[in-house]
Amino acid sequence: MQTQVVIIGGGPSGLLLAQLLHVQGIEAVVLERKTRDYVLGRIRAGVLERGLVALLAEAQVETRIATQGFPHDGTVISYDDQHFRINFTDHTDHPVMVYGQTEVTRDLYDAREKTGGTTFFNVEDVQIHNADLEGTTRPRVTFTSDGTDHEITCDYIAGCDGFHGVSRQSIPQEKRSEYEKVYPFGWLGILSETPPVHHELIYANSPHGFALCSMRNDHLSRYYVQCPTDDNVADWSDDRFWNELRRRIPPEFAAKLQTGPSIEKSIAPLRSFVVEPMQYGRLFLCGDAAHIVPPTGAKGLNTAASDVHYLYRALTAHYRENDSAKLATYSATALSRVWKAERFSWWMTSTLHRFPQMSTFDLRMQRAELEFLRSNTAAQAALAQNYVGLPY
Ligand code: FAS
Ligand code: PHB
């Protein structure tokens with residue numbers, strides 16, 4: 001089999017890239033380890049930056065988000081007995097869009113099926129060959145799907161297979177540098193068919209730990225509480241979760257909280273991670289295959305989108321204008337924005353969570369950071385610019 005671009009991974013990165021390339025008349029084959037339904041069953045991100053919303057329009061999948069997405073002009077931040085609002089549109093002229101990653105992925109799969117593009121599901125033993133060879137030797141990807149062996153020869157490979165995929169590992173150890181910070185806590189998240197406690201998100205730093213009140217729509221809420229890394233989700237009854245959430249958010253919101261049975265409940269570990277470079281010969285990494293952020297800044301999915309923007313733009317210049325300069329500088333260009341997203345996610349996590357063994361001085365520094373943010377317009381503008389999305 002031959003194609004122009006093989007995309008390993010059928011999550012949001014891979015599907016968005018495939019759809020954008022299709023719009024430009026560039027052929028791609030997508031390889032996904034799981035089934036479409038399994039991928040759609042993952043509950044993950046909920047907040048889209050303006051850049052991702054624009055990319056979805058460019059990919060011609062903006063119809064549902066235009067009617068079912070919720071623009072948010074700000075967010076609430078609370079600490080101790082204070083809370084205040086950051087106004088995104090005052091500082092940036094842009095809202096963020098609340099629209100679940102599950103729906104983004106669903107829209108992209110629906111669009112992919114309409115294009116008739118080739119997608120292999122249930123793939124196993126994916127291997128990348130000749131990605132680093134220059135000259136006329138073309139890269140190959142071999143794999144099995146439903147018991148049949150396959151080989152695809154291509155021009156380029158996009159590694160969109162997430163943190164546990166094969167793509168990053170296909171870059172020789174001696175050719176890559178990895179940067180990592182593992183946080184001493186996780187997030188216990190639940191989804192409940194209840195009205196959100198507030199019409200905007202609430203990020204709460206409380207003496208009992210971090211909490212986040214989010215949503216998917218007017219009758220589907222998404223909540224998180226910081227928990228120890230070794231907690232077991234089976235030990236968290238719904239009642240225990242709701243009681244813990246209540247005591248971490250301001251009383252005026254806690255009093256309005258409508259609870260109900262959880263329809264999804266899971267614990268996610270938190271880490272910061274970046275691999276450099278994000279390319280090796282004709283293999284290009286996008287999204288979680290190259291970097292991970294703690295979800296506090298809502299940057300995971302959105303930084304995957306900016307990688308896809310840079311790679312799509314580079315591949316289009318190559319195929320449409322015979323200009324490969326952007327391909328050559330993809331890693332440096334993508335990493336420049338990746339590191340800014342890493343910084344913001346680390347800063348939001350450090351400012352809003354209670355770390356084990358925090359000294360009284362550490363606690364005062366955290367409160368001073370939040371006091372400065374509450375009282376300083378420039379500080380609020382900086383948060384707003386990062387949250388709605390730095391320019392591509
Ligand atoms: P993904 O991991 O989404 O997709 C990679 C795809 O590749 C998967 O479908 C996988 O099955 C497939 N794959 C893996 N290995 C393969 C192989 N060898 N061959 C073929 N396919 C292979 N971000 C936020 O902004 N907010 C959040 O609240 C948030 N919550 C999260 C919760 C969890 C538990 C996790 C794990 C992540 C969360 N994220 C969140 C980050 C998340 O949204 C990612 O940034 C986003 O899924 C990145 O998309 P992809 O790069 O496509 O990677
Ligand atoms: C979510 O709605 O899942 C969500 C929103 C904002 C975050 C993290 C997760 O920072």
Side-chain angles (χ1 to χ4, degrees), residues 6-18 29-49 52 70 72 75 96-102 104-105 108-109 119-128 141 143-145 157-170 186-191 196 200-203 210 212-217 220-224 264 266-271 273 285-308 341 344-345 348-349 352 387 389:
V6 169
I7 297 174
I8 304 174
S13 295
L15 291 168
L16 179 57
L17 179 61
V29 173
V30 175
L31 310 182
E32 168 51 47
R33 185 172 57 178
K34 301 291 187 181
T35 63
R36 167 188 161 133
D37 287 346
Y38 186 97
V39 175
L40 291 176
R42 295 178 183 133
I43 307 297
R44 291 194 177 164
V47 171
L48 309 189
E49 292 177 356
L52 175 47
F70 290 76
H72 277 209
T75 189
V96 291
M97 185 68 79
V98 169
Y99 187 72
Q101 173 174 323
T102 303
V104 171
T105 311
L108 288 167
Y109 265 120
T119 303
F120 288 91
F121 292 103
N122 299 311
V123 303
E124 293 179 321
D125 191 21
V126 173
Q127 293 183 40
I128 294 170
V141 178
F143 61 98
T144 60
S145 174
I157 301 166
C160 302
D161 47 351
F163 188 66
H164 301 290
V166 297
S167 298
R168 184 175 71 254
Q169 307 300 334
S170 299
W187 278 18
L188 167 64
I190 73 159
L191 202 58
E200 292 180 331
L201 273 63
I202 302 171
Y203 285 88
F210 170 81
L212 171 60
C213 302
S214 184
M215 65 204 72
R216 293 294 177 267
N217 55 49
L220 192 58
S221 296
R222 180 71 167 158
Y223 295 107
Y224 300 92
E264 192 273 351
S266 56
I267 293 179
L270 269 61
R271 83 173 73 236
F273 175 88
L285 305 183
C286 287
D288 280 17
H291 43 73
I292 296 286
V293 286
T296 327
K299 291 298 152 213
L301 175 61
N302 290 299
T303 309
S306 54
D307 294 345
V308 167
F344 177 67
S345 305
M348 284 282 277
T349 304
L352 294 171
Y387 198 88

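When a ligand or atom number is given, it counts from 1 through the structure's own listing order. If you're wondering where the values come from, they're calculated on a predicted model, not measured in any experiment.
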(message) Hydrogens and angles aside, do His291 and Asp307 bring a side-chain donor and acceptor to less than 3.5 Å of each other?
(response) yes
(message) So if I count the atoms of ligand 2 from 1 in the order they appear, which ones are less than 4.0 Å from some heavy atom of Ala298?
(response) 6 (C), 7 (C), 10 (O)
(message) What I'd like to find out is whether the side chain of Thr105 reaches to under 4.5 Å of the side chain of Leu108, using heavy atoms alone.
(response) no
(request) Would you check if there is a donor-acceptor pair between the side chains of Gln127 and Asp125 at a distance under 3.5 Å? (result) yes
(message) Taking CZ in Phe163 as the centre, count heavy atoms belonging to other residues, nucleotides or ligands within less than 6.0 Å. Is the count above 12?
(response) yes
(request) Starting from atom 6 (C) of ligand 2, find the nearest protein heavy-atom neighbour and note its residue, name and distance. (result) Tyr203 OH, 3.3 Å
(message) Taking 4.0 angstrom as the limit and counting only heavy atoms of Val47, give me the atoms of ligand 2 inside it, by number and element.
(response) 5 (C), 6 (C)
(request) Assess the side chains of Ser266 and Glu264: does a donor N or O sit below 3.5 Å from an acceptor N or O? (result) yes
(request) Could you tell me how the ring of Tyr203 sits relative to the ring of Phe210: parallel (under 30°), tilted (30 to 60°) or perpendicular (over 60°)? (result) tilted
(request) For Phe121, check ring-ring contact (aromatic ring centres under 6.0 Å, His included) against everything at least two apart and list the hits. (result) Tyr109
(message) Quick check on contacts: which atoms of ligand 2 are under 4.0 angstrom from a heavy atom of Leu201?
(response) 5 (C), 6 (C)
(request) With heavy atoms only and a cut-off of under 4.0 Å, state how Leu212 meets ligand 2: side chain, backbone, both or neither. (result) side chain
(message) Looking only at protein heavy atoms, which one is nearest to atom 8 (C) of ligand 2, and what is the separation?
(response) Pro295 O, 3.2 Å
(message) Can you tell me if Arg216 contacts ligand 2 (heavy atom of the residue under 4.0 Å from the ligand)?
(response) yes
(request) Under 4.0 Å from a heavy atom of Arg222: give me the atoms of ligand 2 that qualify, with their elements. (result) 3 (O)
(message) So if I only count non-hydrogen atoms and take anything under 4.0 Å from ligand 1, which residues does that give, chain by chain?
(response) Ile8, Gly9, Gly11, Pro12, Ser13, Leu31, Glu32, Arg33, Lys34, Val39, Arg42, Arg44, Ala45, Gln101, Val123, Val126, Cys160, Asp161, Gly162, Gly165, Val166, Tyr224, Ala268, Gly287, Asp288, Pro295, Ala298, Lys299, Gly300, Leu301
(request) Go through ligand 2 atom by atom and flag the ones less than 4.0 Å from a non-hydrogen atom of Arg44. (result) 3 (O)
(message) Considering non-hydrogen atoms of the protein only, which is the closest contact for atom 3 (O) of ligand 2, and what is the distance?
(response) Tyr224 OH, 2.6 Å
(request) Determine the interplanar angle of the Tyr224 and Trp187 rings, folded into 0 to 90°, and report it as parallel if under 30°, tilted if 30 to 60°, perpendicular if over 60°. (result) tilted
(message) Quick check: closest heavy atoms across Cys160 and Ser13, and the distance to 0.1 Å?
(response) CB-CB, 3.9 Å
(message) Side chain, backbone, both or neither: which applies to Trp187 and ligand 2 if a contact is any heavy-atom pair less than 4.0 Å apart?
(response) side chain
